[in-house]
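Beneath this line is the structure, given in structure tokens, with notes to follow.
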Amino acid sequence: MQNFTLLDGKKVANSVKAELLSEMNQFQQKWGRKPSLHVVLVGEDPASKIYVGHKEKMAAELGYQSQVWRVPAEITQKDLELHLQKLIADPLVDGILVQLPLPKSLNTDRIMQMIPFDKDVDGLTATALGALAAGSAPAVSCTPAGVMEILKYYKIDVKGKNAVVVGRSQIVGKPMALLLLNADATVTVCHSRTTDVRSFTQNADIVVVAAGKKHLLSADDFKEGAVVIDVGMHRDEHNKLQGDVNPAGIEKRVAAATPVPGGVGPMTIMMLMKNTLRLAEFRLKNGQ
Ligand code: NAP
């Protein structure tokens, strides 16, 4: 039986955190200020409030300047756009994050596309995705960027490998496929209209599953010795987190896999912090 490696996202996130703490010192010495993250939270969505709280806490732990703008759900489109325009124009604002979902009364697309790519800390705008497609972007969508960090940490070379991404969302699947392609993997993207997803995953060296369907794939759906990254996150009836991959017997089949929880999840917030620092450096180096 082959060796199995559990790809521990908490360990990788801690290692990125240590790097960021040391980079923060250098940043402050060089530029005489801290990188800044501005989060806009509209309304009282309980899950959004929790996520924003985690981001605020992590930014504080790293010594960033962070500000959460809590605005009422009744804010008009015009007023929210005016608020964003102020943040966009402020040279001391490095990263802007609008916490989604926004209340239905607001035009989410219009709000998101206002954010310039050099302040788009989530890498979610069309410009950021376009820059990634063109080869590089100062900030890449946090979850797929976190997957690449996990692969790098465990020295899993993707060059020349046959990689399959299951899912094609703008936030995970598409940027994930572009990152793997930019790293010289041969990439196939599967989605809900793909006929026989398993025929692709069973031949892949690396599979990233981001379909949002609990236990969509199981051990037998992967090639022996493959690397499996599970992005999925679902609460089951016992309030336990489950992934898109059924973990039963996975360690006997594949060479490495991420657990849920404790795999991709802990990376996402850390990549948000890394993006903030990268955007601050990018704009300061470009004289802004
Ligand atoms: P999403 O927007 O719902 O996209 C899901 C994608 O999977 C779509 O492209 C869809 O295809 C495809 N899909 C659905 N059913 C499929 C099937 N049976 N076979 C093949 N493809 C299928 O979801 P998302 O935002 O990308 O998120 C995906 C999962 O990752 C969710 O469970 C989410 O909770 C989780 N997530 C985790 C983190 C984290 O930090 N760990 C961050 C973000 C997301 P179509 O395009 O054809 O509809």
Side-chain angles (χ1 to χ4, degrees), residues 6-13 16-17 45 47-48 50-55 57-58 97-102 108-109 112 121-126 128-129 132 139-151 163-180 187-204 207-218 220-222 228-236 239-247 257-275:
L6 189 75
L7 304 173
D8 183 344
K10 280 191 217 150
K11 203 161 142 183
V12 186
V16 175
K17 189 176 178 184
D45 179 71
S48 292
I50 292 172
Y51 296 146
V52 167
H54 290 160
K55 289 166 189 172
K57 186 166 169 270
M58 185 57 73
L97 185 155
V98 177
Q99 185 67 40
L100 299 179
L102 289 175
T108 301
D109 278 351
M112 295 311 287
V121 79
D122 249 346
L124 282 185
T125 58
L129 204 55
L132 180 63
V140 177
S141 182
C142 300
T143 303
V147 171
M148 295 308 284
E149 285 283 344
I150 292 176
L151 294 172
V164 167
V165 179
V166 184
R168 58 174 168 179
S169 69
Q170 192 155 333
I171 189 166
V172 187
K174 280 182 190 157
M176 188 71 252
L178 289 169
L179 282 168
L180 288 164
V187 184
T188 304
V189 181
C190 297
H191 46 79
S192 69
R193 308 296 166 92
T194 302
T195 314
D196 198 2
V197 171
R198 284 157 189 84
S199 68
F200 294 95
T201 59
Q202 280 168 340
N203 287 304
V207 184
V208 181
V209 195
K213 295 277 178 293
K214 190 179 114 184
H215 294 184
L216 175 73
L217 297 173
S218 306
D220 287 351
D221 298 323
F222 304 108
V228 177
I229 308 285
D230 187 354
V231 179
M233 264 193 343
H234 314 269
R235 288 257 165 227
D236 68 11
N239 204 28
K240 267 185 70 184
L241 273 184
Q242 303 285 349
D244 284 0
V245 176
N246 184 342
T258 52
V260 176
V264 175
M267 293 306 297
T268 300
I269 195 166
M270 209 50 80
M271 299 319 289
L272 179 72
M273 300 300 141
K274 188 164 177 171
N275 279 348

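Note that these values count all heavy atoms, side chains included, but never hydrogens, waters or copies made by symmetry. All ligand and atom numbering here is 1-based and tracks the order in the structure.
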**Request:** May I ask you to test the Val264-Asp230 pair for a side-chain heavy-atom distance under 4.5 Å?
**Result:** no

**Asked** Does any non-hydrogen side-chain atom of Asn275 lie less than 4.5 Å from one of Cys142?
**Response** yes

**Request:** Could you name the protein residues that come within less than 4.0 Å of ligand 1, counting only heavy atoms, and order them by chain and residue number?
**Result:** Thr143, Val166, Gly167, Arg168, Ser169, Ile171, Val172, His191, Ser192, Val197, Ala210, Ala211, Gly212, Lys213, Leu216, Val231, Gly232, Met233, His234, Gly265, Thr268

**Asked** Do NZ/NE/NH1/NH2 and the carboxylate oxygens of Arg198 and Asp221 come within less than 4.0 Å?
**Response** yes

**Message:** In the structure I gave you, are the side-chain heavy atoms of Gln242 and Met233 within less than 4.5 Å of one another anywhere?
**Reply:** no

**Check: Val208 and Leu180 side chains under 4.5 Å, non-hydrogen atoms** = yes

**Request:** Check whether any side-chain heavy atom of Lys214 sits under 4.5 Å from a side-chain heavy atom of Asp236, and report yes or no.
**Result:** yes

